Amino acid sequence: MINPYVEIMDCTLRDGEQTSGVSFLPHEKLMIARMLLKDVNVDRIEVASARVSEGEKEAVKMICRYARQVDMLNKVEVLGFVDGNLSVDWIYDCGGRVINLLAKGSYKHCTQQLFKTPEEHISDIKNVVSYASGKGMTINLYLEDWSNGMKDSPEYVTQLLESLTETPIKRFMLPDTLGVLNPLQVIKYMRKMRERFPDTHFDFHAHNDYDLSVSNSLAAVLSGAKGLHVTVNGLGERCGNAPLASVQVILKDQFNAHTSINEDKLNEISSLVVGYSGIPVAPNQPIVGENVFTQVAGVHADGDSKANLYANALAPERFGRKREYALGKNSGKANIDKNLQELGLELTPEQTKKVTKRITELGDRKEIITKDDLPFIVSDVLKHTVPDDKVQLVSYMVTSAYGLKPLASLKIMINGNSYEGSSHGNGQYDAFVKALRNIYKDNLGRKFPVLSNYAVTIPPGGRTDALVQTVITWNYEDKVFRTRGLDADQTEAAIKATVKMLNIIEN
């Protein structure tokens, strides 16, 4: 088989909703269904189980109404049960026209859960299929626990298929319900199915209990499966299902298979489902994780500048994303240069060296630094830079305790001379400034600048808990000027702004 087309059915709204703690509201289901059908362009979506609740019924009605309007009703599927006409009528009344009938794919499930013989179960299935077909519905059939059926009772699976392949069933869907298979077993069992029933359409439905759902999905396609079942972000019961994004890229890149998926919408649908489900994606989740297109090591950024030495087929632009270069103690000059270029900032080698040193210092404290922080770091490092700092803060301590005024003690070098001071204040920074003012008044006999405005801002960008920017406006000898300090701690940022101010007046 060369470059096969693989149908992708997304089960997020049915199987994915079985994730512990996840329950989508009807309008949330509609929004996810719309994006999956129109933007991501999956072939089919399974949106619910029949007869679950009134809320589920309302959600199915909304989705079917929308799908009919955009001529996609044949892509909307609902799980139904071998229960006479109950599931068929429930789905039909909701506007659905495709039923995914849940039958037993192992002898053990048939006899020990249904307490029926294979012949009785087959007869019940045929009755539902006949009734649904008479209403003009499309029927697909799940063989629940098919993986254990192939392991323990392959003759039962064969009996089931031989009895049903001549019915109007369009697809036979083969689930690894308990996630027990490995890729070699999938290949073995799927080939048996294909050899015995060569003209039958088989879907494979993977679960991730052994972290093999993506590998098993690829193995199923390699063995002749024509369809795969996935969920957004791998949502699903226990360890979840095969993730849509991962299955898509491994099919395309490792097997040259064709699908209908719009890859540049994978990150968007992932974010939507995270928002509605409340289940976050791991930062290192392939394709959709926050960190997967971020280079941390400076050597990698350097290699990217030299013929894309650290690039692979998973280019971020392919998925509507961008390559990023982390800022921290491992960044190095190359990472910082990449971020500066993207921001349009041009620095001299000496200035870049100073900025690199500052970022490394922040990284050593395990602070999170983002690209949005970079302009503020540059301003903090370069603004008011003087050849020689005549005022240097040697050490300081600020304390606060319940019921007591904050206390600040400090040691400072001014023009080569060391001074110490302490004071109480209404806050930690107020105590620090009063201690400084005492030094200037008592030791130097000089006037201390007047603080006229104090503003605290957080650089934009979301993940900015690393930095706080403090901008202080000063009045000194009829002049007004501002200094800024940048740090993870608000008090320390204000102290840095103050020391910058003192160096300005000394120079």
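Note: hydrogens, waters and symmetry copies are ignored here, and every other heavy atom, side chains too, is used. All residue numbers in this chain count up from 1 along the given sequence. Bear in mind the structure is a predicted one, so any value in this text is a computation, not a measurement.
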Between Ser213 (side chain only) and His207 (backbone N and O only), is there a donor and an acceptor less than 3.5 Å apart? no
Given side-chain hydrogen bond (donor to acceptor under 3.5 Å, both in side chains), test His229 with Asp203 step by step and report yes or no. CA-CA 7 Å; His229 297 184; Asp203 282 1; 2.9 Å; yes
What pairs of donor and acceptor atoms, side-chain ones from residues 76-86 against any protein atom, are under 3.5 angstrom apart with sequence neighbours left out?
{"from": "Glu77", "atom 1": "OE1", "to": "Arg44", "atom 2": "NH2", "distance (Å)": "3.3"}
{"from": "Glu77", "atom 1": "OE1", "to": "Asn100", "atom 2": "ND2", "distance (Å)": "2.9"}
{"from": "Glu77", "atom 1": "OE1", "to": "Asn140", "atom 2": "ND2", "distance (Å)": "3.4"}
{"from": "Glu77", "atom 1": "OE2", "to": "Arg44", "atom 2": "NE", "distance (Å)": "2.6"}
{"from": "Asp83", "atom 1": "OD1", "to": "Ser87", "atom 2": "N", "distance (Å)": "3.1"}
{"from": "Asp83", "atom 1": "OD1", "to": "Ser87", "atom 2": "OG", "distance (Å)": "3.3"}
{"from": "Asp83", "atom 1": "OD2", "to": "Arg51", "atom 2": "NH1", "distance (Å)": "2.6"}
{"from": "Asp83", "atom 1": "OD2", "to": "Ser87", "atom 2": "N", "distance (Å)": "3.4"}
{"from": "Asp83", "atom 1": "OD2", "to": "Ser87", "atom 2": "OG", "distance (Å)": "2.6"}

In Å, rounded to the nearest 0.5 Å, how long is the span from CG of Asn233 to OG of Ser246? 9.5 Å
Can a donor-acceptor pair be found, under 3.5 Å and without considering hydrogens, that links the side chain of Ser153 to the backbone of Glu155? no
Near Lys135 NZ, under 6.0 Å, is it more than 12 heavy atoms from other residues, nucleotides or ligands? yes
Does a side-chain heavy-atom distance below 4.5 Å link Phe204 with Asn216? yes
Report the residue from Glu144, His205, Met190, Met150 that forms a side-chain contact (heavy atoms from CB on, under 4.5 Å) with Leu174. Met190
Near Lys108 NZ, under 6.0 Å, is it more than 12 heavy atoms from other residues, nucleotides or ligands? no
Might you work through the side-chain hydrogen bond (donor to acceptor under 3.5 Å, both in side chains) test for Asp145 and Tyr107, ending with a clear yes or no? CA-CA 9 Å; Asp145 200 38; Tyr107 182 78; over 6 Å; no
Just by modelled atom types, is the Leu25 backbone N or O under 3.5 Å from a matching donor or acceptor in the Glu28 side chain? yes
State plainly whether the residues Asp253 and Arg318 are in salt-bridge range, i.e. N to O under 4.0 Å. yes
Would you indicate whether Lys188, at its atom NZ, is surrounded by more than 12 heavy atoms from other residues, nucleotides or ligands within a distance under 6.0 Å? no
side-chain contact (heavy atoms from CB on, under 4.5 Å) partners for Asp39, two or more places apart: Met35, Lys265
Has Ser123 got a side-chain atom pairing as donor or acceptor with Glu119's backbone, closer than 3.5 angstrom? no
Please say which of Asp15, Thr231, Asp10, Thr12 ends up in a side chain to side chain donor-acceptor pair (under 3.5 Å) with Asn241. Asp15
Would you find more than 12 non-hydrogen atoms of other residues, nucleotides or ligands less than 6.0 Å from Tyr5 atom OH? yes
For Leu212, does its backbone N or O pair with a side-chain atom of Ser215 as donor and acceptor, under 3.5 Å? no
Look only at the side chain of Ser49 and the backbone of Val52, and say whether a donor-acceptor pair between them is shorter than 3.5 Å. no
Taking the six-membered ring where the residue is Trp, are the ring centres of Tyr156 and His121 under 6.0 Å apart? no
So, Glu56 side chain and Ala50 main chain: donor-acceptor pair closer than 3.5 Å or not? no
Pair Lys116-Thr111, side-chain contact (heavy atoms from CB on, under 4.5 Å): steps then yes or no: CA-CA 5 Å; Lys116 292 192 174 186; Thr111 58; over 6 Å; no
I'd like to know if the side chain of Thr165 reaches the main chain of Leu161, judged simply by a donor and an acceptor atom lying under 3.5 Å from each other, with no hydrogens or angles considered. yes
Does the Asn41 side chain pair with the main chain of Ser260, one donor and one acceptor, at a distance under 3.5 Å? yes
Please check this pair: side chain of Thr19 against backbone of Gly16, looking for a donor-acceptor N/O pair closer than 3.5 Å. yes
When rounded to the nearest 0.5 Å, the distance separating OG1 of Thr117 from CD1 of Ile122 is 8.0 Å
